[in-house]
Amino acid sequence: MRSDDGAPTLDVAQLEAKWQARWADAKVFEAERKSDAPKLMITVAWPYPSGPMHVGHGRTYTIPDVIARFHRMEGKRVLFPMGWHLTGSPIVGATERIRKQDPAYVAMMRGLYAVSDQDLARMVDPVAFARYFTSESPLGYRKGMQGLGYSVDWRRECTSIDPHFSTLVRWQYRTLRAKGLVAPGSHPVKFCPAYSSSVTDHDLSEGEGASIQEFTLIHYTAGELHFPAATLRPETIFGATNLWLHPQAEYVEAEVTLHDGSRQRWVISADAAYRLSFQGYGVRELTRSTGAAYIGQMVQVPLCDRSVPILPATFVDVTHTSGVVASVPAHAPFDLIALQELQQAGAPPAGVDAAVLQALLPMPIVAINGDSSLTARTLTKMGITSQHQREALDEATHEVYKAEFAKGVMTVGFVRGQGVGAARDAVRQKLQASGHASRMWEFTLKPVIHRSGAPCVVGLVKDQWFLRYGDEAWTASVREHLHKVSLIPADTLTYYENVLEWLQDWPCTRAAAVGMGTMLPWDSRWLIESLSDSTIYMAYYTIAHRITQVDPKRIDDSFYEYLFYGTGDADALSVSMGVTPRDIEALRAEFEYWYPLDWRVSANELIPNHLTFMLYHHNALLPHKQPRGIANLGMGILEGAKMSSSKGNILPVSTAVTTYGADAVRLYLMNICEPWQDFDWRNRDCEIVRRQLDRFYAYVDGLPGRPPGRAEPHLDTWLRSRVAGHIAATREALEGFSTRKAVQHGFFYLANDLRWYERRGGDNRELLLSIAQLWVRLLCPIVPHLSEELWSRIGPPAAAMCSLSPYPHPPMDWASGSAETLEGLVEQLVEDIGQIYKVLKREHAPRVVLLCAPAWKRAVLRTIVDAKSKGPLEVGALMKSLMADQSLRAHGKDLQKWLPKIIEQVRTRDVATLELLLQTDEAALWRSALPFLQAEFADVFEVVGPDEGGDAGNKRGAASPGRPAIYVEGGVAT
RNA sequence: GCGGGGGUAGCCAAGCGGCCAAAGGCGACAGACUCAAGAUCUGUUCACGUUGGUGUUCGAGGGUUCAAAUCCCUUCCCCCGCACCA
């Protein structure tokens with residue numbers, strides 16, 4: 001806290017430490033069940049501690065803390081646990097970089113991450129590394145969370161590699177396997193031959209975003225020799241006129257062992273032979289030559305009773321797929337142009353019969369609306385004349401493929417009449433069934449380069465285990481539950497639904513050699529992958545503090561059957577586990593009490609994986625305890641730039657806390673935008689929030705020392721009503737995770753109203769103190785340290801800690817629509833005078849007179865308001881009926897001018913407000929505000945009531961009820 | 001390409017049929033306080049205006065409506081996710 005001159009008068013750090021210690025001593029956040037009390041369990045994705053906790057994490061974890069604190073004050077038993085996710089390879093990768101003394105990484109650790117040489121030396125061990133950033137480092141997660149004052153039950157702290165935790169994961173996977181939801185399979189992945197391991201986009205220096213595409217290899221044969229031509233369009237086989245090989249590139253003849261163990265002799269590019277060897281094919285090179293060696297040879301076309309020649313083409317890319325290409329000139333721009341060039345050349349290439357070459361004609365097999373000339377027309381349209389115009393040809397190819405896929409119909413073969421898409425599947429299936437097709441995978445873009453600099457290939461992982469998220473029955477069941485889940489924000493529902501649509505089986509294992517985690521129970525060569533071991537771990541929190549008393553070796557599946565389902569024999573379990581039957585019952589009671597999870601808090605980017613996985617696993621394993629709500633958070637950037645631990649662009653939480661104070665950081669983070677929106681941390685803005693919080697503290701702290709002041713009925717009623725409204729709005733906001741709205745109402749708007757109250761002359765100390773008692777509790781979930789301190793100073797004697805005191809409700813009878821409407825008239829008046837002053841270019845006047853509207857205007861307003869409830873307001877008709885009134889006719893001219901204006905106002909205001917206006921003694925209202933108005937605007941301020949005479953400055957005609965005419969002395973008289 | 005989310009005054013950002021020239025914050029300008037600076041408080045901040053008004057504005061174009069930033073259609077632009085990874 002700083003005083004006016006900026007000198008520190010209050011040690012925020014000391015105050016924070018004091019209350020954090022008191023919370024810990026009083027075990028305020030240790031969640032104990034109480035069978036007759038309502039409960040709330042809220043969890044947030046457990047952090048992966050690969051570096052310091054930065055302010056981005058700070059927001060992620062502060063949001064559930066605020067919600068937890070709110071519900072705790074609501075009288076619920078609240079469990080907000082925390083653990084550490086250590087599964088996976090990045091930490092192991094980091095220790096590797098330390099071991100190898102990667103200069104950039106080591107420099108960052110020593111510098112930005114403030115790791116001592118001594119600590120760094122220990123951190124070559126992944127467990128030591130993780131412990132450093134979870135628990136030891138001042139910049140780490142536990143210190144950061146404690147520094148922000150989180151209401152976590154730290155007794156339940158655990159990690160994903162604890163032996164106790166692994167017993168749960170093993171149970172989970174055995175059970176899923178028994179249900180048929182985990183199954184073996186194989187899958188193509190990005191693979192780094194240099195490291196013999198699959199790699200993710202994260203590990204790449206180039207080719208991020210490349211995906212893997214499956215090609216069909218169609219076997220054209222010459223005797224025993226196979227020419228596997230790669231294609232995405234197997235249906236075009238009917239239009240194949242020849243094969244292309246690159247005449248100068250290297251090809252091999254190889255003995256290839258297929259997936260079923262059979263062997264064939266293939267001709268493929270030398271490069272393809274290398275790449276195929278990672279895709280589950282055994283490849284043994286026999287001979288090597290250039291493509292030219294095969295030019296002119298005839299090969300048999302499968303499914304078609306004909307043979308075609310092999311011709312040379314330089315556009316063939318031997319580093320792509322097999323290096324063997326089937327030519328379909330009628331439907332492939334490359335093929336058409338290459339064939340034309342060849343036929344137009346003076347002499348045929350060596351080995352090719354001129355007659356055979358000239359006889360080759362495009363064979364159309366696909367038509368769009370009866371037309372098969374799209375390829376030729378596209379070439380003409382784009383002015384392509386040579387196979388070297390690669391870019392143009394690529395574009396033409398794309399265009400033709402797309403059009404024919406969308407609208408093309410087959411004109412030949414057994415698929416005649418079918419659409420291209422359907423025909424493609426049918427032809428591929430028939431080729432495979434007859435042994436004329438194989439599969440090969442290729443990247444959609446190249447090159448794909450590992451961080452180490454090694455080029456990657458597509459690799460086929462065999463014996464991989466999959467979670468069967470593609471299973472229709474499972475997915476349908478998840479979808480059904482999804483519609484019962486409270487989602488924040490609500491529009492994430494469509495996102496989840498889309499994920500359920502496209503989510504396929506998920507490989508849930510990784511080679512045990514890389515990373516930490518739980519072994520696959522039935523095959524120790526595999527580790528359960530990190531996203532897959534964290535799907536029901538929230539259930540583990542319910543017992544995490546008690547299960548540690550049991551030797552993990554003595555925990556088997558029957559324990560979890562009992563814990564989750566209550567099946568089995570507790571006495572037998574107590575014997576096998578070496579604890580009392582009461583212990584077993586206590587564990588089960590914990591789970592039964594806390595579960596299901598009320599809120600899961602996580603990031604938007606985890607919807608397509610973790611959050612959906614969580615729903616699947618709960619659905620299969622804990623169908624009686626599925627999650628009730630999921631809140632999704634946006635991501636953060638720092639001063640406009642992406643936050644990245646690896647790039648060093650971070651602000652550690654503990655640094656922010658030291659600089660601004662825990663509560664200022666919390667308040668800033670909760671106010672910056674709503675949780676689900678992306679945010680941008682700005683130091684300057686946080687500093688501004690810090691100052692505003694200082695003012696809040698000084699204001700509340702100063703209240704008891706003020707003179708008593710006096711009650712002012714209208715103003716006090718108005719303030720109570722405003723405060724009641726803000727309390728209601730803040731509560732509602734917190735119910736829905738709208739932390740920003742909560743801060744706006746609970747902090748800023750309320751403060752603005754207090755300022756207005758005092759500006760208006762309000763000084764009722766007792767009222768302000770009673771409001772302050774509500775206010776500090778209202779803000780306690782967001783700024784708990786300052787709230788506790790203030791509560792201890794101004795709260796009722798012997799009150800419970802603020803964190804355990806009831807969250808305020810709007811006090812009964814505080815709401816007063818009429819007081820707010822009346823004060824609204826004063827605000828309107830102030831604005832009107834301000835506008836007039838602006839036009840007059842002045843700030844003060846010797847004399848101002850308010851001229852209230854005469855009584856007849858009130859009568860007219862009465863008539864119009866009555867008319868409003870009967871139907872649409874029409875100026876003409878109203879004028880007619882009003883002029884029928886003798887007493888009004890005297891004001892005919894004024895009425896004619898005024899009526900359209902007042903009707904417009906009646907039209908846009910609700911009846912209750914208008915009624916109030918009609919009942920108000922406005923002269924009394926203005927007179928009660930005279931001291932204020934005089935202080936703000938003029939030396940002398942006068943009011944002329946509705947029934948009084950006088951028209952200073954001849955202004956009175958402008959008056960409406962509730963909006964007096966304003967005469968400013970020194971203004972221009974009209 | 002597929003899917004999700006956005007474009008609001010100098011900036012951030014609320015609003016999502018009438019009370020909207022549009023909350024709140026920042027920045028800027030002016031005043032009060034101060035020897036001064038900072039902090040704080042007050043006012044102004046689309047244009048015009050010697051009386052509270054008028055005109056134009058919420059990516060662009062069109063439409064529905066007595067009334068549109070808000071609803072519908074078309075169009076342009078930006079961000080995010082698309083998997084074996086935390």
Side-chain angles (χ1 to χ4, degrees), chain A residues 2-6 45 47-48 50 85 87-91 187-190 198-203 209 211-212 402 461 464 466-467 469 489 491-492 494-499 501-510 529-532 534 603-610 634-635 671-674 676-680 682 684-685 688-689 691-692 694-695 698 740-741 743-745 747-749 752 755 758-759 824 828-829 831-843 872 904-905 907-910 913 936 953 955 958-960 963-968 970-974:
Chain A
R2 279 154 224 272
S3 68
D4 283 0
D5 58 1
Y48 186 81
S50 55
H85 193 206
T87 312
S89 52
I91 286 178
H187 199 78
V189 296
K190 289 171 189 163
S198 60
V199 295
T200 69
D201 272 6
H202 245 59
D203 306 322
S211 55
I212 293 169
K402 215 165 108 179
V461 179
Q464 170 72 280
F466 289 83
L467 284 160
Y469 298 136
D491 59 20
T492 49
T494 48
Y495 196 175
Y496 283 99
E497 283 182 324
N498 282 317
V499 172
E501 277 305 307
W502 61 251
L503 189 66
Q504 294 302 306
D505 291 357
W506 178 271
C508 58
T509 53
R510 270 177 81 71
E529 167 275 333
S530 66
L531 283 169
S532 301
S534 298
N604 282 140
E605 66 206 49
L606 294 182
I607 291 177
N609 43 63
H610 166 258
M635 48 163 268
N671 180 240
I672 191 165
C673 59
E674 295 296 3
W676 48 88
Q677 298 172 320
D678 296 344
F679 71 99
D680 183 5
R682 293 194 180 147
R684 201 191 57 189
D685 291 356
I688 287 158
V689 166
R691 277 193 234 126
Q692 281 159 331
D694 277 2
R695 247 179 288 154
R740 178 184 159 87
K741 202 169 194 173
V743 173
Q744 292 276 311
H745 281 280
F747 189 73
F748 291 105
Y749 293 169
N752 284 348
R755 206 154 49 217
E758 297 195 7
R759 188 176 157 202
Q828 176 67 247
L829 179 69
E831 196 184 310
D832 285 347
I833 298 174
Q835 282 231 33
I836 290 165
Y837 275 20
K838 191 186 157 200
V839 174
L840 297 177
K841 296 192 180 16
R842 63 190 309 159
E843 276 147 17
E904 182 56 33
Q905 286 188 19
R907 194 175 273 151
T908 57
R909 263 171 250 271
D910 64 87
T913 308
E936 298 268 329
K955 294 284 182 194
S960 293
R963 209 172 177 193
I966 299 157
Y967 168 68
V968 178
V972 172
T974 47

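When Watson-Crick and G-U wobble pairs are counted only if both distances are under 3.5 Å, C26(B) pairs with G10(B). In this entry C19(B) has no Watson-Crick or G-U wobble partner, no candidate having both defining distances under 3.5 Å.
Nearest nucleotide to the Ala965(A) side chain, out of G52(B), U51(B), U40(B): G52(B). The side chain of Asp832(A) has G52(B) as its nearest neighbour among A83(B), A39(B), G52(B).
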Taking protein heavy atoms under 4.0 Å as touching, what does nucleotides 18-24 of chain B look like 5' to 3' if B marks base contact, S marks sugar-phosphate-only contact and - marks none? SB---BS
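Taking for each of Ile672(A) and Pro964(A) the nucleotide of RNA chain B with the nearest heavy atom, the 5'-most of the two is the partner of Ile672(A).
Between Arg695(A) and C41(B) there is a side-chain N or O to OP1 or OP2 distance below 4.0 Å.
In plain terms, the two heavy atoms of Lys190(A) and Ile212(A) that are nearest each other are N-CD1, 3.8 Å.
Between the Asp678(A) side chain and the Met635(A) main chain, a donor and an acceptor come within less than 3.5 Å of each other. Side-chain atoms of Glu674(A) never come within 3.5 Å of backbone atoms of Gln677(A) as a donor-acceptor pair (strictly under, hydrogens ignored).
Residue-to-nucleotide contacts include a donor-acceptor pair under 3.5 Å from the side chain of Lys838(A) to the base of G49(B).
Looking at Phe748(A) and Gln692(A), their side chains come closer than 4.5 Å, going by heavy atoms from C-beta outward.
For Thr913(A), the side chain to side chain donor-acceptor pair (under 3.5 Å) partners at least two apart in sequence or on another chain are Asp910(A).
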Protein-nucleotides 1-5 of chain B N/O pairs closer than 3.5 Å?
{"unit_1": "G3(B)", "atom_1": "O3'", "unit_2": "Asn498(A)", "atom_2": "ND2", "d": "3.1"}
{"unit_1": "G3(B)", "atom_1": "O2'", "unit_2": "Asn498(A)", "atom_2": "ND2", "d": "3.1"}

